Trainee: 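Dropping the structure in here first, questions after.
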Number of protein chains: 2
Amino acid sequence: MIALFDEKLLTIKRFEPKTILVNEGSIPNEMFFIIKGCIRAWYNADGQDITLQFFFEGDPATSLESFLKNTPSTINIETLEECEVGILKKADFSDLLKTDPKIRELFYETAIDKLFIYSNRLLSLLKDKPFLRYQQLLAENPGIFQRIPQHYIASYLGVTPVSLSRIRNRK
Amino acid sequence: MIALFDEKLLTIKRFEPKTILVNEGSIPNEMFFIIKGCIRAWYNADGQDITLQFFFEGDPATSLESFLKNTPSTINIETLEECEVGILKKADFSDLLKTDPKIRELFYETAIDKLFIYSNRLLSLLKDKPFLRYQQLLAENPGIFQRIPQHYIASYLGVTPVSLSRIRNRK
DNA sequence: ATCCGTTCTTAACAATTGTTATCGTTGCAC
DNA sequence: GTGCAACGATAACAATTGTTAAGAACGGAT
């Protein structure tokens, strides 16, 4: 996706691990495309840290809702590893959305794809038990436990870190 | 939303309760707007019936995915009560999407709204316990237990019917 | 009226998960 | 090096949920 944007509009930057890119309560004015590294979106539920999504190389990382509605973000976005990202300014992106039908088309397609991803994840949370969700995650992304602290994966799967540790040591 | 479509494109029809409108495996060629009654979308997971969504008066009921991608539906859609619905043919809707920018705009907005609804439901499944989800559903839709069989609501909440019955009888 | 299917409740038990706490390891800062 | 924070494994116990089965209430069909 990043390849579609004019290089003049993109700023390449490096971030240390655990750098907050989008802060809960603030309105983000940038969009991040991951070139190298990984990023996590999480929700603060009264101190309880809930991982909503992991982003990897090639993924765009944003709080879509606040980006679209211009409202304060309800989620936080932070780097997990040292990251190299392409940064696109919100104003530039908005211009493109208005003027470039291809970008607009692509953007809506991306949103609709995300809709299906969410709906599948919802279904999995409704029908599958944690153990099966763990196995499926491992099948989709075998290296994830080598890249991401386990307790972040736990909340992503909807279980406690203790429970995930138990699940992993099941035969 | 139904008000936006030319009346000439809409067929009004009545259906008995428990009428299947969209069948898993088939490609739907109609879109249903509920005038009166309620409808349920469900997924068949190896015989296990998982309710994904309830539709009420004013809601459009479709398998969005198969409608958009022209692929066989992975879900079933059926009436729960006697229903009066406005039916829009897929071909007519596709034409409108191409020719009418307003409809297109509205359609994408609807899709994005749905994205946020899904993302909130996802978050709730990750962070809240069944009892809290039950309370929240009741707060949003106090009459739902008077309209919809409880075991359908159970799978919508991600618990078994037995568990929901217990939850409801808690103080 | 009788039969049958649907729905919900309840009970008993098994399985899983949550909670809290402890401990060992690792890596980083000083 | 020492100290400290982050991370994960494990244990013990509580709480919740799942599973299976039985029974009551209701409505529709015959």
Side-chain angles (χ1 to χ4, degrees), chain A residues 15-20 38-40 42 44-51 54 76 78-82 123-138 143-171, chain B residues 15-20 38-40 42 44-51 54 76 78-82 123-138 143-171:
Chain A
F15 292 103
E16 292 291 300
K18 301 197 179 181
T19 308
I20 303 274
C38 70
I39 289 179
R40 177 176 86 102
W42 58 281
N44 179 352
D46 307 309
Q48 195 191 3
D49 174 326
I50 308 283
T51 298
F54 298 112
N76 304 276
E78 66 169 359
T79 59
L80 291 177
E81 302 170 343
E82 194 190 333
L123 178 60
S124 167
L125 283 167
L126 289 177
K127 76 178 170 67
D128 301 327
K129 293 180 181 172
F131 182 56
L132 186 54
R133 291 204 292 278
Y134 160 69
Q135 289 182 312
Q136 287 169 347
L137 178 64
L138 208 57
I144 193 169
F145 283 91
Q146 278 70 58
R147 287 187 81 170
I148 292 176
Q150 193 166 312
H151 64 285
Y152 292 155
I153 301 178
S155 68
Y156 177 80
L157 290 173
V159 294
T160 59
V162 177
S163 189
L164 180 56
S165 174
R166 276 189 297 230
I167 284 172
R168 264 165 77 71
N169 292 316
R170 257 183 224 165
K171 278 192 306 290
Chain B
F15 292 103
E16 292 292 298
K18 300 196 181 183
T19 308
I20 303 275
C38 71
I39 289 180
R40 176 177 85 102
W42 57 281
N44 178 354
D46 307 310
Q48 195 190 2
D49 175 324
I50 308 283
T51 298
F54 297 112
N76 304 276
E78 66 169 359
T79 60
L80 291 177
E81 302 171 343
E82 194 189 333
L123 178 61
S124 167
L125 283 167
L126 289 177
K127 76 178 170 66
D128 301 328
K129 294 180 181 172
F131 182 57
L132 187 54
R133 291 205 293 278
Y134 160 70
Q135 289 182 313
Q136 287 169 347
L137 177 64
L138 209 57
I144 194 169
F145 284 91
Q146 278 71 58
R147 287 187 82 169
I148 292 177
Q150 192 166 312
H151 64 287
Y152 293 154
I153 301 177
S155 68
Y156 177 81
L157 291 173
V159 294
T160 58
V162 176
S163 190
L164 180 56
S165 174
R166 276 189 298 229
I167 284 172
R168 265 165 76 72
N169 290 318
R170 255 183 226 163
K171 277 194 307 292

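Computed from a prediction, not measured in an experiment: that's the story for all the values here. Each chain gets a letter, A, B and so on, in the order its sequence line appears, and its residues count up from 1.
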Trainee: Calculate the interatomic distance between A:Leu157 atom CG and C:dT17 atom P; express it in whole Å.
Mentor: 11 Å

Trainee: Just how far, in rounded Å, is P of D:dG8 from CZ of A:Arg147?
Mentor: 16 Å

Trainee: Would you give the length of the straight line joining atom NE2 of A:His151 to atom OG1 of A:Thr160, rounded to the nearest 0.5 angstrom?
Mentor: 12.5 Å

Trainee: How many angstroms lie between atom CZ of A:Arg133 and atom CG of A:Leu157, to the nearest 0.5 angstrom?
Mentor: 6.5 Å

Trainee: So do the side chains of A:Tyr156 and A:Leu137 get within less than 4.5 Å of each other, counting heavy atoms only?
Mentor: yes

Trainee: Indicate yes or no: at least one non-hydrogen side-chain atom of A:Arg40 is less than 4.5 angstrom from one of A:Asp49.
Mentor: yes

Trainee: How long is the span from the CH2 atom in A:Trp42 to the CG atom in A:Asn76, to the nearest 0.5 Å?
Mentor: 4.0 Å

Trainee: Rounded to the Å, how far apart are A:Lys127 NZ and D:dT17 C1'?
Mentor: 19 Å

Trainee: Over how many whole Å does the gap from B:Asp128 atom CG to C:dG18 atom P extend?
Mentor: 13 Å

Trainee: Take the C1' atoms of the five end pairs on each side of the helix from C:dA1-D:dT30 to C:dC30-D:dG1, get both axes, and report the angle to 10 degrees.
Mentor: 30°

Trainee: Would you mind reading off the distance between A:Phe131 atom CZ and D:dT17 atom C1', rounded to a whole angstrom?
Mentor: 18 Å

Trainee: I need the CD-C1' distance between A:Glu78 and D:dA6, as an integer number of Å.
Mentor: 13 Å

Trainee: How long is the span from the CD1 atom in A:Ile148 to the CD atom in A:Glu81, to the nearest 0.5 Å?
Mentor: 7.5 Å

Trainee: To the nearest 0.5 Å, how far apart are SG in A:Cys38 and CD in A:Glu78?
Mentor: 10.0 Å

Trainee: Looking at CD1 of B:Ile39 and CG of B:Leu80, how far apart are the two atoms once the value is rounded to the nearest 0.5 Å?
Mentor: 8.0 Å

Trainee: For D:dT17 and B:Thr160 - does any side-chain N or O of the residue sit under 4.0 Å from the phosphate oxygens OP1/OP2?
Mentor: no

Trainee: Between N or O atoms, less than 3.5 Å apart, protein on one side and nucleotides 6-16 of chain C on the other: list the pairs.
Mentor:
from   : atom 1 : to       : atom 2 : distance (Å)
C:dT7  : OP2    : B:His151 : NE2    : 3.3
C:dC8  : OP1    : B:Gln150 : N      : 2.5
C:dC8  : OP2    : B:Gln150 : N      : 3.0
C:dC8  : OP2    : B:His151 : N      : 3.1
C:dC8  : OP2    : B:His151 : ND1    : 3.0
C:dT9  : OP2    : B:Gln150 : NE2    : 2.7
C:dT9  : OP2    : B:Ser165 : OG     : 2.8
C:dT9  : O5'    : B:Ser165 : OG     : 3.3
C:dT10 : OP2    : B:Asn169 : ND2    : 2.9

Trainee: Has B:Arg168 got its NZ or CZ under 6.0 Å from the middle of the six-membered ring of B:Phe145, at an angle within 45 degrees of the ring axis?
Mentor: yes

Trainee: Rounding to an integer number of Å, can you tell me how far B:Leu132 CG sits from C:dG18 P?
Mentor: 15 Å

